[in-house]
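Below: the structure, in structure tokens.
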Amino acid sequence: MKQQLEAIRKAALEAIADAAKAEDLEALRVRYLGKKGELTAVLKQMGKLSAEERPVIGQLANEVRAALEAGIEEKASELADKSMECKLKEEAVDVTIPGKQEKIGVKHPMYQVLDEIKDIFVGMGFEILEDREVELAEYNFTKLNVEEGHPAREWSDTFYFSDDSSILLRTQTSPMQIHAMETRELPIRILAPGRVYRKDEVDATHSPMFHQIEGLVIDKGITMADLKGTLETLIKAMYGQDSVVRFRPHHFPFTEPSVEVDVSCFACGGCGCRLCKGTGWIEVLGAGIVNKKVLENCGIDSEEYSGLAFGIGIERLAMLKYGINNIKLLYQSDMRVLDQINDD
């Protein structure tokens, strides 16, 4: 039995020394030290030994087991070090190679313009509102003095949900102004941005969804001078202090008097170019003094209070600001276009 133990020690240590992988080492541990291993098999025969031989063979068996365990532990450490060395070589980073520029997302140009407009009006004391996009025709049209029979109420121009034309996708953000006049204490100074929806079955190039900002001020003594000063502040902040603003008479059902607002062409300085179609002016928004009938519809005394209102197409302002000639470019998310805009 003594010879068997010595033979096991010699063969096992040689095999451990030659092991090339951790899997091979584990197989050797099971082969020699496992429950059914060679060393265990020898120890099971100790019952056949005399009382004098058992202590000697027992001590030798313990020495062999300790030698094998030490050999396995040392070899495992050696294999682990080699594995780590190989891994470090494979995963080595060449710090001399130029890094890759990570592309960082940016806010869409249209929303950059929207945020700029919000900041301007917040600075003038306006409150920003958000409200529903599915609206009642009473608020979208009737209370804004757009009576039955008006072209804007036609099925060809509006997305209706009900056969009686009473529920629709809002065609303007003006209903937010009506809700504000009905529910808020006076005076009121609000800015109402949001998505609006209009059908256009005649011109397929028009977008059925676009963005609009409407502003409203209701207070005692509001005049056209207040409207002009408010809009001039906006235009000069957006397009430069040298910008010239022009008001032209117009008609809107919810304001009286009503005006279209033009700004001197910032591309040619008013001399005439392709952008302004040779006129020297660019139309940017519509505005006016709130119609007394609209005030009365909301329960506001039109003899004591007056107001100003204006509506701005955000896409139009973004196109003018960034020199975009096709509104579709704002919706296609073409990174070649957006990168050029943001680089500016």
Measuring from [X]:[atom1] to [Y]:[atom2], what's the distance to the nearest 0.5 Å?
X	Y	atom1	atom2	value
D24	K75	CG	NZ	10.0 Å
S306	D301	OG	CG	11.0 Å
K82	C86	NZ	SG	9.0 Å
I16	R31	CD1	CZ	10.5 Å
R189	L216	CZ	CG	11.0 Å
C273	I282	SG	CD1	6.5 Å

If we ignore hydrogens and angles and just use 3.5 Å, is the side chain of [X] paired with the main-chain N or O of [Y] as donor and acceptor?
X	Y	answer
T255	N291	no
S83	L79	no
N145	V294	no

Looking only at the side chains, is there a donor atom on one of [X] and [Y] sitting less than 3.5 Å from an acceptor on the other?
X	Y	result
E260	H251	no
E182	Y139	yes
S264	W281	no
E214	Q177	yes

Quick one, [X] and [Y] - any side-chain contact, counting heavy atoms below 4.5 Å?
X	Y	value
E85	K89	yes
E303	K292	yes
F159	P208	yes
V290	F254	no
D262	V284	no
V146	T142	no
L285	L231	yes
L169	V134	yes

Task: side chain to side chain contact (heavy atoms under 4.5 Å, CB included) between Y197 and L168, worked out - done: CA-CA 9 Å; Y197 306 85; L168 49 85; over 6 Å; no
- [ ] Please find out if less than 6.0 Å separates the ring center of F310 from that of F121.
- [x] yes
- [ ] For residues H150 and F141, establish whether the separation of their ring centroids is below 6.0 Å.
- [x] no
TODO: Report the C-alpha separation of E135 and F161 in whole Å, then their side-chain angles, then the decisive distance to 0.1 Å, and conclude whether the side chain to side chain contact (heavy atoms under 4.5 Å, CB included) test is met.
DONE: CA-CA 10 Å; E135 190 54 87; F161 287 109; over 6 Å; no
Taking all heavy atoms of [X] and all of [Y], pick out the closest pair and write down the distance.
X	Y	result
L114	I314	CD1-CD1, 3.6 Å
R170	G194	NH2-CA, 3.5 Å
I222	D226	CA-OD2, 3.4 Å
L227	L308	N-CD2, 3.6 Å
P175	L144	N-CD1, 4.2 Å
A137	S165	CB-O, 3.3 Å

Check whether more than 12 heavy atoms from other residues, nucleotides or ligands sit under 6.0 Å from atom [atom1] of [X], and answer yes or no.
X	atom1	result
D163	CG	no
E74	CD	no
D164	CG	yes
E296	CD	yes
E130	CD	no
R195	CZ	no
E304	CD	yes

Is the closest basic N to carboxylate O distance between [X] and [Y] below 4.0 Å?
X	Y	value
R184	E127	yes
E256	K293	no
D157	R198	no
E232	K228	yes
R248	E283	yes

TODO: Decide whether a cation-pi geometry holds between K107 and Y111; the criteria are a distance under 6.0 Å from NZ or CZ to the six-membered ring centre and an angle within 45° of the ring axis.
DONE: no
Open item on the list: Checking side chain to side chain donor-acceptor pair (under 3.5 Å) between N140 and each of T173, T158, T171, which is the one that passes?
Closed with: T171
Hey, any chance [X] and [Y] share a hydrophobic cluster, counting ILVMFWY side chains that come within less than 4.5 Å of each other, even indirectly?
X	Y	value
I289	L186	yes
M238	V244	no
I120	F126	yes

Open item on the list: Before you tell me yes or no, could you show the steps for H211 and V196 under side chain to side chain contact (heavy atoms under 4.5 Å, CB included), namely the whole-Å CA-CA distance, both residues' side-chain angles and the distance that decides it to 0.1 Å?
Closed with: CA-CA 6 Å; H211 297 76; V196 297; over 6 Å; no
- [ ] Check the pair T230, V217 against side chain to side chain contact (heavy atoms under 4.5 Å, CB included), reporting the backbone distance first and the verdict last.
- [x] CA-CA 10 Å; T230 300; V217 176; 5.8 Å; no
Task: Identified side-chain contact (heavy atoms from CB on, under 4.5 Å) partner of I312 from the options V261, L317, V113 - done: L317
